[in-house]
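Scope of the values below: all heavy atoms of this structure, side chains included, with no hydrogens, waters or symmetry mates. Each chain gets a letter, A, B and so on, in the order the sequences are listed, and its residues count up from 1.
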Amino acid sequence: MSGDVILDVRDIMVSFSARRAGRKYRVQAVDGASLSLAEGEVLGIVGESGCGKTTLGRTIVGLVRPDSGTIRFNGADMIGAGSSSLREMRLKVRMVFQDPNASLNPRRAIGDSVAEAGDISGFFKTRAERSAAIAATLTAVGLNPAFADRYPYELSGGQRQRVGIARAILPTPSIIIADEPVSALDVSVQAQVLNLMMDLRDQLRLSMLFISHDLGVIGQISSRVAVMYMGRIVEHARTRTVLDQPLHPYTRALVAAIPKPDPSKRILGAIEMGEPPSLFTRPRGCAYAPRCPLASDRCFVEVPNLRSAGTDGRTIACHNV
Amino acid sequence: MSTNSATLWLRPFIARPIALAGLGVLLATVLAAAFAPWLAPYDPYAIDPLIRLTPPNVTHWFGTDQFGRDTLSRTIQSARMALLIGSGVVVFALATGVPAGVLSALFPRLGHLLMRMVDVLMAFPTLLLALGLIVILGPSVANVILAIGLGYMTTTTRIVYGLTLRLRAETYVEASRSMGAGTVWLISRHILPNLVSPLLVQASFVFAFAQLGAASLDFLGLGAPPEIPSWGNMLAESRTFITRAPWLLIFPGMMIVATAFSLNLVGDALRDRLDPRFRQVFGEKG
Amino acid sequence: MLSVRDLTVSVGPATAPVDIVAGVSFGLAKGEILGLVGESGCGKSMTSLAVMGLLPQPGPRVRVGEVLLEGCDVTQLQPWQRVEAGHGRMAMIFQEPMTSLNPVRRIGDQIAEAVRVHEGISGAAALSRACELLELVRMPDPRMQLSAYPHQLSGGQRQRVMIAIALACRPQVLVADEPTTALDVTIQVQILGLLRELCNRLDMAILFITHDMGVVAQLADRVAVMYAGRIVETAAVDELFGKPRHHYTRGLMDCMPSRNSGARRLPTISGQPPVPGTVAAGCVFALRCAAVRDVCRVATPPRMEVSRGHEVLCAFPLGGGELP
């Protein structure tokens, strides 16, 4: 691990109003999540669908307004910032989206999509500078610079995701929030894109928040990982530690459920772990208690807070571990 | 536009001959309107009492009316009014409906207000709304355009509103927002370019219905001034001669049907062009 | 029990057909799970639809080959003829259970309807059979869930309902097309476990289509790896993962992050799969193969049995084994 804290997220709460069976509900998508990101570090966020990991990422890039909490970029507040300094910060904190088919405007040429952040902010001084920057960026993500004049439908899924990455690194940002950037890709293409992201991290000294449901992918790219369950971070530690000795019962289930590509290590039938409760019927105590093999009476009434457990900065939210 | 996309636009017409025929009829109408003074064999206003109500013959292909005016020349001359009203209505409907729909979708509070007003207007049948307006404003070409256009502004607003709501949720719009894009940027770079093709389809249907609406108003004497030749006016003037001189109704009536029908065919073909399934060659997923 | 021979599915005009599935052959025995694995566009879904007789109309069609269910070719039969001839004993489940369920009908009625069609019983009898089926798929509290609507169920429960509907016809063969891809891993492992259990209990054969090598390793007895419309390698699951012989199979395994823990970079397969119809001659994988030789680009590779039950479509398979 290296460098100073570049992004500091504290106690983020995000809720949505939803309607179900005629009644209005408040759905707590993110329930007091905190994390920090050091310069050049990749932090993985893992969890099942609906755990709030995507909402947390969208909150950091300003697509969702949190109910409360702070987000600081290099010490400067991102939520209450004035529009000019915020615009500058938006250039520094960028997002890569999951679905490469949906994240590019079908009616815009690839070059225009790649240059969009620069165009919005008036970054390019001349047309020549702009096209040179587009060509250089496309080359950096392993695409032919001639793609600048093509349209998304002419590209394959993997190529489109490379364009999505190119769009996020021009002009060069400090942080990339990557929301499931390889989930929609085939495994052989997935490896190519993961390698590209690791290269860019090293070359451009990028910090990354890497959101994924796939612990295998997270294990490849990130040094630390935060495990989310129903809007809260339940375990946070170095990636190897989490993968090798998961502590929280939910993390253990998650690690155990990865389908290992080894027929001699079959897990089917060995695991019965229930299903996550609906966000509409959040349990009172620990949200994992109804599925948890270790749950005690206390777990059903009192929400466990993150506390440090063991060495190297591991934190965990569980009463019984 | 590149040749590639030009062939994409033409393909649905080539694939369906009837749509190609529709396109042909429309082109012919446009040409007739443009070159009416040269194409018309006689002066459409020239009165000749000696040849009143002659049936179609070699010198007057479509016959003559109760004042001895040449029906063919008047039918050709009328294409001008038809196209003027049609394009006027389309321009009016788009110029008002597109901003109203886009802004309603982007600013929910304004949208709430505007969409309720649209609901009220939509509660009236289009023709009834037009009739009422003409009665208030008085008949003139501009008022006909306004009266019919208002009816189609509501449907256009609705369509644009729905499309923009969907576009607003697209990931590429979110990507743009996450990079600090403002409303003007979103509208000009992401929303309007994606509205062009569906609006082209909408425009063709509005054009078709404007033909029918204008003809109805003309027939009721509330449309274009009677001295200007238009298909609707021709029908209105000659309706008392329907048994003695049916040709006076047949030819302008056929033109109304032909243009409206052709526009619908072209609209259908354009809609097919927009259907993503049409562009797919290999439909395989797995 | 199920035998697919030389199945070729084509699109385009009859004069110039493009084969998206080219000469696929495999067999499926009672109580066996065959994993058909490949990347998107490799033709695995088309193969499953062709086996089921569910190819979209108009569109791709079976140009050559046969699908024998207990010795009877079903490719020439219309769906209703299959049922009448008593060969309707195949069922299919899909990736997205929500789109396959009617949102405004109770799931009990939807399962009972399938029971009615296949067994000719109705009313209370069909509903109680529906309840049995829900128990069979280990739905928690089946009697209660009969009156639930699809939106009240979780994704995993919906997939259980789809499996229950599929089981209503007492199938001999269940075709499962990526049934767990849309589910979370903790749910996926339960659905996979359920399929394994059903296969054993009902002596049913399963054709399991997936892109995920991990899922295949966990569930399948035998594996067929598909690439560009062809099966490039078939073997028992232990054999395939222990000693892959085709370069593509090997590449697929290597680029899985979870098999590669620790390494700095992931090995990759360069390039992309070919567009159907563009490979004129030679091996379909030649363009991306690291061990390609000149002959691979011109001559179609032979299908070799490198060991008992282990076939590979390659002229120079990994670990030797050239033509005798």
Please round to the nearest 0.5 Å and tell me the distance separating atom OG1 of C:T186 and atom NE2 of A:H213.
-> 11.0 Å
Are there more than 12 heavy atoms of other residues, nucleotides or ligands under 6.0 Å from atom CZ of C:R105?
-> yes
Residue pair A:Q220 / C:L266, side-chain heavy-atom distance below 4.5 Å = yes
Examine whether an atom of C:L219 lies under 4.5 Å from a heavy atom of chain A, and if so say whether it belongs to the side chain, the backbone or both; otherwise answer neither.
-> both
Nearest heavy-atom pair of A:A257 and C:V189: which atoms, and what distance?
-> CB-CG1, 4.1 Å
Give the intermediate values and the outcome of side-chain contact (heavy atoms from CB on, under 4.5 Å) for residues A:L194 and C:R265.
-> CA-CA 9 Å; A:L194 272 180; C:R265 286 179 67 86; over 6 Å; no
Do side-chain atoms of C:Q218 reach the backbone of A:K260 as a donor and acceptor pair under 3.5 angstrom?
-> yes
Any idea which heavy atoms bring A:P263 and C:F241 closest together, and the distance?
-> CD-CB, 3.5 Å
Can you tell me if A:Q192 uses its side chain to pair, donor with acceptor, with the backbone of C:T268 under 3.5 Å?
-> no
Please examine the side chains of A:D262 and C:M253, heavy atoms only from C-beta on, and report whether any two atoms are closer than 4.5 Å.
-> no
Chain C interface, residue from A:G158, A:S156, A:P259, A:G216 that has the most non-hydrogen pairs under 4.5 Å = A:P259
Select, from C:G251, C:A217, C:G242, C:G271, the one with the greatest count of heavy-atom pairs under 4.5 Å involving chain A.
-> C:A217
A:D186 CG to C:L252 CG distance, which is reported to the nearest 0.5 Å = 9.0 Å
Segment of A:D202 engaging chain C (4.5 angstrom heavy-atom cut-off) | side chain
Go through C:E39 and A:S188 one step at a time and tell me if the side-chain contact (heavy atoms from CB on, under 4.5 Å) criterion holds.
-> CA-CA 8 Å; C:E39 297 182 276; A:S188 71; 2.6 Å; yes
Measure the CG-CE distance between A:D214 and C:M256 for me, rounded to the nearest 0.5 Å.
-> 8.0 Å
Quick one: does A:I258's side chain get under 4.5 Å of C:V185's, heavy atoms only?
-> no
At a heavy-atom separation under 4.5 Å, does A:D199 approach chain C through its side chain, its backbone, both, or neither?
-> side chain
Sorted by chain and number, sequence neighbours left out, salt bridge (charged side-chain N to carboxylate O under 4.0 Å, His left out) with A:E180 holds for A:K53
Mind ranking A:A191, A:G47, A:G157 by heavy-atom pairs under 4.5 Å with chain C and telling me who comes out on top?
-> A:A191
Salt bridge (charged side-chain N to carboxylate O under 4.0 Å, His left out) partners of residues 209-228 of chain C, not counting sequence neighbours, each pair once | C:E32-C:R222, C:R196-C:D221
Whatever's closer than 4.5 Å to a heavy atom in chain A on C:Q157 counts as both
